[in-house]
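Because the structure is predicted, anything quoted here is derived from the model rather than measured. Numbers restart at 1 for each chain; the letters A, B, ... are given by sequence-line order, proteins then strands. Both backbone and side-chain heavy atoms feed into the values below; hydrogens, waters and symmetry mates do not.
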2 protein chains.
Amino acid sequence: MSTHAIHSDALAQKLADSGLRNTPQREFVYDALLTKRDHPTADEVYARVKTQLPGISLATVYNCLETLVQCDLVRAVNFERAPTRYCPNLHPHAHFHDETTGATHDIELPASLLAEIKAVLPPGYNADVIELTFRGKLPATR
Amino acid sequence: MSTHAIHSDALAQKLADSGLRNTPQREFVYDALLTKRDHPTADEVYARVKTQLPGISLATVYNCLETLVQCDLVRAVNFERAPTRYCPNLHPHAHFHDETTGATHDIELPASLLAEIKAVLPPGYNADVIELTFRGKLPATR
DNA sequence: ATCCTTCTTTAGAATTATTCCAATTTCAAC
DNA sequence: GTTGAAATTGGAATAATTCTAAAGAAGGAT
Ligand SMILES: [Mn+2]
Ligand SMILES: [Mn+2]
Ligand SMILES: [Zn+2]
Ligand SMILES: [Zn+2]
């Protein structure tokens with residue numbers, strides 16, 4: 001089993017479900033997200049994958065990331081107008097953006113809180129997506 | 001009292017607090033947001049203010065909007081990577097983005113829910129800003 | 001195996017919201 | 001009235017992302 005194929009089972013499955021082909025580019029991009037789950041930007045994914053697939057293009061990284069998002073394997077995460085970041089955590093979760101380091105931390109969301117959040121919507125409002133974002137400074141000593 | 005001065009009291013106060021000058025451009029931009037509270041983009045604010053101040057520049061609209069945000073008179077609201085929208089509602093509230101019409105609706109947030117949301121953060125995580133966004137399709141009949 | 005079609009990747013150009021810049025204008029203080 | 005900071009302006013620059021057109025890979029049918 002090749003290194004980049006470690007996580008290819010779920011990927012191959014979801015791609016097949018969507019009628020899409022599996023490719024080395026898609027596997028390496030997905031693997032980059034799973035190997036270092038630090039919410040990298042497309043540029044950062046590009047830099048990481050290039051060490052293993054030197055011929056890959058930035059356009060392909062964007063294409064692959066969009067494919068992974070559409071297959072529900074990855075979430076796109078936006079803070080203000082900063083470059084989009086990518087997250088392979090499929091559990092319901094919020095994001096804490098540390099303004100000191102720029103790091104993004106996952107905050108797991110209990111189903112009970114999610115239910116209470118949905119309950120603030122007036123009748124007729126039906127949310128397909130809920131995004132919860134925190135911004136603040138974490139103490140330097142961690 | 002001139003039309004654009006209707007809302008100038010809070011503005012003049014906050015500008016003074018921040019050591020900034022009051023200007024017609026700032027007053028008209030703020031007034032555009034208060035008069036039609038539909039979360040316009042900078043371009044839309046520009047179009048609205050130009051009817052009253054034909055000489056205003058888009059750069060100035062951006063400058064004024066940023067000033068208003070820094071004075072805590074206006075919130076900048078982002079959905080995905082769409083152009084930033086501006087909201088003069090100072091109460092704690094979430095946003096519902098209607099994917100059918102593109103409209104943005106304010107969802108008032110009870111303090112109790114805000115407290116529960118903050119409570120999901122691990123010790124040491126202190127959030128200066130909390131953003132809650134819903135996305136979905138509203139029934140056409142409203 | 002070859003043909004055919006479709007999907008994917010690629011390099012580079014285009015797009016576009018926003019920011020930056022240098023020159024003018026405004027304005028408050030002295 | 002002079003002066004200096006602050007604000008505005010038009011246009012250039014920036015930068016993340018998307019688009020385009022051409023080349024490459026892959027799968028199914030024959
Ligand atoms: Mn990037
Ligand atoms: Mn706009
Ligand atoms: Zn995440
Ligand atoms: Zn709002």
Side-chain angles (χ1 to χ4, degrees), chain A residues 4 8 11-12 14-32 39-47 49-50 52-71 73-86 102 104, chain B residues 4 8 11-12 14-32 39-47 49-50 52-71 73-86 102 104:
Chain A
H4 74 273
S8 62
L11 173 60
K14 290 271 195 164
L15 287 173
D17 291 353
S18 304
L20 300 171
R21 294 180 188 161
N22 200 355
T23 67
Q25 289 86 350
R26 285 171 177 168
E27 288 200 354
F28 276 109
V29 166
Y30 186 43
D31 206 62
H39 303 86
T41 64
D43 272 354
E44 287 163 351
V45 172
Y46 179 47
V49 172
K50 242 192 322 193
Q52 301 179 280
L53 266 191
I56 197 171
S57 73
L58 179 57
T60 297
V61 171
Y62 273 104
N63 291 340
C64 292
L65 289 169
E66 158 140 39
T67 297
L68 294 174
V69 168
Q70 278 170 347
C71 291
L73 283 164
V74 166
R75 266 174 67 180
V77 179
N78 289 285
F79 298 108
E80 327 249 280
R81 293 195 51 84
T84 299
R85 298 178 168 277
Y86 295 88
T104 298
Chain B
H4 73 273
S8 63
L11 173 59
K14 290 273 196 165
L15 287 173
D17 291 354
S18 304
L20 301 171
R21 295 182 187 160
N22 200 354
T23 67
Q25 289 85 352
R26 284 170 179 170
E27 289 200 354
F28 277 109
V29 166
Y30 187 42
D31 205 62
H39 303 85
T41 63
D43 273 353
E44 288 163 351
V45 171
Y46 179 47
V49 172
K50 242 193 321 194
Q52 300 178 278
L53 266 190
I56 198 172
S57 74
L58 179 57
T60 297
V61 170
Y62 273 104
N63 291 340
C64 291
L65 288 169
E66 158 139 40
T67 298
L68 294 174
V69 168
Q70 279 170 346
C71 290
L73 283 164
V74 166
R75 266 175 65 180
V77 179
N78 290 285
F79 298 107
E80 327 247 276
R81 294 196 51 84
T84 299
R85 297 177 170 277
Y86 295 88
T104 299

Inset, instruction - State whether the side chain of A/E44 and the backbone N or O of A/T41 hold a donor-acceptor pair below 3.5 Å, judged by distance alone. - result: yes
Legend entry - Any donor-acceptor N/O pair, B/Q70 side chain to B/T67 backbone, under 3.5 Å: no
Legend entry - Sub-4.5 Å side-chain heavy-atom contact between A/L20 and A/R26: yes
Legend entry - A/I56 vs A/K50 side-chain heavy atoms within contact, under 4.5 Å: yes
[X] [atom1] - [N] [atom2] separation (whole Å):
X	N	atom1	atom2	answer
B/R21	D/dG4	CZ	C1'	9 Å
B/L68	D/dT8	CG	P	10 Å
A/L65	C/dT9	CG	P	11 Å
A/Y46	C/dG12	OH	P	10 Å
B/N63	C/dT26	CG	P	16 Å
A/L58	C/dT10	CG	C1'	11 Å
B/L15	D/dA6	CG	P	14 Å
B/F79	C/dA17	CZ	C1'	17 Å

Nearest listed nucleotide, side chain of [X], among [options]:
X	options	value
A/R81	D/dT17, C/dT18, D/dT8	C/dT18
B/Q25	D/dT9, D/dA16, C/dT9	D/dT9
B/P83	D/dA7, D/dT9, C/dA17	C/dA17
B/Y62	D/dT8, C/dA17, D/dA7	C/dA17

Inset, instruction - Pick base, sugar-phosphate or nothing for A/T23, based on heavy-atom distances below 4.0 Å to the nucleic acid. - result: sugar-phosphate
Legend entry - Given DNA chain D, 5'-ward residue of the pair B/S57 and B/G19, judged by closest heavy atom: B/G19
Inset, instruction - Find which nucleotide of DNA chain D each of A/R85 and B/T60 is nearest to by heavy atoms, and output the residue with the more 5' nucleotide. - result: B/T60
